[in-house]
Amino acid sequence: MEKTYNPHAIEQSWYQTWEERGYFAPTKTDGDSYCIMIPPPNVTGSLHMGHGFNNTIMDTLIRYHRMKGDQTLWQPGTDHAGIATQMVVERQLEMEQKKRHDLGREKFIERIWEWKHESGGNITRQLRRLGSSLDWQHERFTMDDGLSDAVKEVFVRLYEEGLIYRGKRLVNWDPKLHTAVSDLEVLSEEENGHMWHMRYPLTNGQGHLIVATTRPETMLGDCAVAVNPSDDRYKHMIGELLELPLTGRRIPIIADEEHVDPEFGTGCVKITPAHDFNDYAVWQRHRDEISISEQIHGGLINIFTIDAAIRDNEAEEGSLLPQKYVGLDRYEARKLMVADLQEQGLLEKIEDHKLMVPRGDRSGAVIEPFLTDQWYVKIAPLAKPAIEAVESGKIRFVPDNWKNTYYEWMRNIQDWCISRQIWWGHRIPAWYDDEGNVYVGRSEAEVRSKHNLADDYVLRQDEDVLDTWFSSALWPFSTLGWPEQTERLKDFYPTNVLVTGFDIIFFWVARMIMMGLKFMDDVPFKEVYVHGLVRDGEGNKMSKSKGNVLDPIDVIDGIDLESLVSKRTSGMMQPHLAQKIEKMTRRSLPDGIPAFGTDAMRFTFAALAATGRDIKLDMGRIEGYRNFCNKLWNAARYVMMNVEGQDCAIGEIKPGHSAAEGSLQRSLADRWILSRLQKTKQAVADAIDGYRFDHAAQAIYEFTWNEYCDWYLELCKPVLNNEQASDEAKRGTRRTLVRVLENLLRLTHPVMPFITEEIWQRVAPIAGVIPATDGDSPAESTATIMNQPYPTARHSLIDEAAESEMAWVMQFILGIRKIKGEMNIAPGKPVPVLLANTSESDKLYAERHRPFLDFLAKTESIEILTPQDKEPESATALVGEMKVLIPLAGLIDKAAEIKRLEKEINRLQSDAERTDKKLSNPNFVDKAPEAVVQKERDKLAESRKALESLQAQLEKIQQL
RNA sequence: AGGCGCGUAGCUCAGUUGGUUAGAGCGCUACCUUGACAUGGUAGAGGUCGUUGGUUCGACUCCAAUCGCGCCUACCA
């Protein structure tokens with residue numbers, strides 16, 4: 001084995017081997033089924049740290065369950081991401097100076113498929129680099145045939161039940177992309193703007209009302225001004241008419257208690273129902289009032305084109321919209337109209353104003369509320385059972401409090417606008433005839449036959465496609481074959497857990513629950529594990545515009561500073577930020593990123609995955625876990641050096657276990673490490689079962705480094721290197737050495753798949769869990785750690801006696817090391833040791849474990865003093881009540897020892913005082929549970945004894 | 001405005017139904033090129049657990065208030 005662990009050398013070839021050999025596919029077992037659906041990444045996407053985190057958790061769970069013998073499926077696939085994908089290809093066309101309309105719908109969609117075949121595999125390639133054991137043989141895509149059938153089926157069934165309908169409503173309109181978007185795709189952020197105060201004159205010449213607005217251009221669509229009916233300033237004017245400036249129209253003053261807050265602004269609100277959601281609601285309440293209903297279009301006046309420019313008048317509208325503004329973009333129109341108002345003396349004032357501006361998350365364009373025909377899912381009947389599923393505990397959120405967020409959203413949910421005016425996506429399965437009739441069916445043929453329409457009867461299919469989330473909502477069953485009743489569907493639905501960030505609970509999680517309950521009559525998953533966000537070292541959200549994104553691949557393979565800078569500053573939406581990003585990058589990662597390897601990154605994610613908490617990514621921490629990999633690697637190297645070609649007392653081969661052969665003897669260290677291993681196995685399994693990946697990682701880390709490496713490997717040396725040690729002892733130690741390592745590798749494999757496989761291939765044959773390959777390279781072995789049984793705690797190997805005896809040994813060694821460390825004695829320098837105040841077991845242990853003590857504490861001699869013996873002046877350590885003495889003679893500085901003792905005595909004293917105070921409080925003794933009181937008593941006795949012993953020692957030295 | 005969450009060592013984080021001397025990693029200090037590993041070893045320094053009250057024999061842990069920070073939802077024209 002190489003002296004240092006090199007992840008690069010092994011990761012990709014192992015992954016390839018696993019995939020080629022089909023290890024990721026579920027195998028029929030007699031265990032339970034276990035299934036996770038990948039949150040399908042956007043096919044245009046590229047991997048970010050969130051994916052890294054998310055997939056580490058899922059893969060850990062999947063590998064854990066697969067090793068436990070469950071029939072395990074991790075279902076992969078990607079999402080067609082309607083708008084995003086269409087934009088990618090439109091940008092390509094732009095380079096050729098073409099627009100999608102130049103190609104036409106069919107050709108354009110062909111182009112997208114071409115793009116998908118060429119570049120759509122990017123993200124799945126990256127997922128492989130993370131070690132994700134996804135069942136690639138069954139990879140799905142939301143636009144593939146099966147999933148498209150599922151989409152049609154669901155649409156038709158919901159339509160037939162009256163749960164899908166078409167209607168003219170206000171939607172969030174993206175004037176750049178020319179499509180409706182759902183309210184979840186609109187991001188509102190505070191921006192600086194203005195508030196324009198405008199005068200609307202009363203028609204009776206009795207003055208004017210002042211209305212304030214952030215969007216003055218919408219006044220062209222006003223149908224009223226609303227006041228609060230209890231507002232004394234205005235209530236006498238209700239019903240009177242105003243002159244709507246610039247238009248020549250007259251609009252009424254209406255009373256609306258719900259919408260108008262008399263305290264705010266002037267207390268007068270202009271009502272523009274076709275361009276504001278609140279105003280639309282006001283209009284709905286008042287549209288039957290004659291002063292509104294007799295207005296053109298019943299007062300619901302759209303003023304925009306799909307580009308959000310002022311539209312032209314229809315033939316019958318006359319000059320509803322003043323010709324002067326027609327064709328102007330909304331912001332140009334605003335400018336001109338404000339100037340015109342000013343000129344007419346109708347502008348009261350302009351104030352600076354901060355307002356929330358809604359922008360499309362894809363285009364960045366300011367979203368307009370816009371009146372269009374759209375398809376909707378009636379959501380209330382679907383939401384009700386979805387709420388109940390969580391209330392009843394059929395679905396459990398981890399951490400639990402996310403259910404509140406879920407309820408909050410579900411109880412206020414609005415009908416879902418599912419149509420999008422783009423070309424890439426599932427085309428809505430609805431056809432129209434020239435009479436305006438709508439026919440919905442799985443295909444045109446089905447529609448014709450169902451409605452007895454002749455072949456030459458003209459039908460046009462709806463031009464729109466469905467929201468991408470519509471197909472994603474079906475993911476848990478569509479990917480398993482639905483609407484076919486497949487074996488996979490039977491085996492794996494409902495799935496076990498959904499692992500996701502909280503940001504898509506609304507987008508996706510809630511919709512899957514609704515659709516799953518509706519069409520499978522069962523929940524899509526039993527648990528939802530919600531994890532935090534991955535942030536940069538300063539705690540900022542990673543984003544392209546901030547330039548602080550990290551590509552997990554760069555953490556795995558490393559990247560130099562220059563490449564990182566150019567990566568972060570190229571292809572930006574806002575090139576003016578490049579300089580800032582460059583500076584920030586050079587400051588925060590001055591040496592670029594070293595190659596840490598996949599396993600180290602995964603271990604870091606696991607270690608930081610405390611429930612629900614965001615992860616602030618600390619390079620130092622990743623480095624620490626890279627070092628951990630190296631530690632494990634070198635421990636294995638050491639083990640191999642000692643067991644390869646040696647007799648390890650291995651008997652018959654069984655997966656995960658092998659019988660012992662021949663007589664062997666286990667040392668205290670052997671029994672101790674086996675006992676510790678069992679407890680670690682239990683701790684890790686408990687942690688993973690409870691989604692506490694941080695605890696699992698910590699248990700593995702501590703066992704590996706602090707127990708196996710720091711103590712056990714060292715304790716092996718005096719046995720293995722000692723020519724006097726018996727064969728039985730050596731065989732026992734070798735067997736333990738190799739088998740504990742082999743167990744540890746399996747224990748760690750779910751978190752760190754690569755390094756564990758690489759080492760395991762060498763160790764497993766020696767540990768007797770797989771047959772030895774006859775000198776061939778490990779890569780040719782047909783066994784894999786992936787399919788080995790997950791280690792379970794064997795209670796018969798838990799050995800409390802060995803643990804406490806070992807504690808004695810460790811305390812002994814630590815005591816001497818401490819003296820050496822604090823006295824500036826070279827750790828390697830052998831020292832004579834005297835033992836005083838010894839019990840029988842002290843004497844026994846000292847004799848029995850002499851080789852351990854000599855080797856690890858570097859003791860030169862150990863002499864047991866009788867009570868009659870005179871103790872020479874010494875430095876002292878306590879092991880229980882026994883005094884471990886290192887004679888001062890020549891070695892030790894008296895003053896230093898006095899200082900050392902005083903410090904120790906001080907500590908013990910304050911300890912004893914604290915405990916004493918507790919115990920002398922009658923309330924404590926009376927009210928605290930007996931066990932707690934007893935514990936304090938024992939503690940006090942112990943520290944008093946120690947104190948006594950050290951104080952005597954101190955006096956003795958002081959008298960010298 | 002409402003909801004959720006966070007504040008523990010210089011930094012990143014643990015702390016299980018209230019009962020240890022409040023822990024780990026990184027960083028820091030000193031010493032150590034010992035034959036698995038300097039991506040290492042040994043020893044050590046470092047915290048009045050945001051603040052203030054309260055409940056309790058006992059509070060990092062429970063309650064209240066308060067300060068600071070973050071996120072989400074709804075927003076006032």
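Just so it is clear: chains get the letters A, B, ... in the order the sequence lines come, proteins before strands, and each one is counted from 1.
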task: Identify which one of Ile886(A), Leu856(A), Leu853(A) satisfies the side chain to side chain contact (heavy atoms under 4.5 Å, CB included) criterion when paired with Ile816(A).
output: Ile886(A)
May I ask you to say what [X] touches in the nucleic acid, namely base, sugar-phosphate or nothing, with a heavy-atom cut-off under 4.0 Å?
X	answer
Arg907(A)	base
Lys818(A)	sugar-phosphate
Lys3(A)	sugar-phosphate
Arg621(A)	base
Lys616(A)	sugar-phosphate

- request: Just name whichever nucleotide pairs with U17(B), Watson-Crick or G-U, keeping both distances under 3.5 Å, else none.
  value: none
message: Going by purine N1 to pyrimidine N3 plus the second Watson-Crick contact, or the G-U wobble pair, all under 3.5 Å, which nucleotide sits opposite G68(B)?
response: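 G68(B) is paired, partner C6(B).
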Identify which nucleotide among [options] has an atom closest to any side-chain atom of [X], counting heavy atoms from C-beta outward.
X	options	value
Asn634(A)	A36(B), A77(B), U21(B)	A36(B)
Asn923(A)	C75(B), G15(B), C57(B)	C57(B)
Leu814(A)	A43(B), G25(B), C76(B)	A43(B)

field: Nearest-Å distance once atom P is located in both G50(B) and A14(B)
entry: 14 Å
query: What integer number of Å spans the C1' atoms of C28(B) and G10(B)?
result: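 Each nucleotide's C1' atom is 9 Å from the other's.
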Exceeds 12 heavy-atom contacts within 6.0 angstrom, atom NZ of Lys945(A): no
message: For the aromatic rings, using the six-membered ring if either is Trp, is the centroid distance between Tyr529(A) and Phe397(A) under 6.0 Å?
response: no
- prompt: Does Glu714(A) get its side chain close enough to the base of A36(B), under 3.5 Å, for a donor-acceptor pair?
  reply: yes
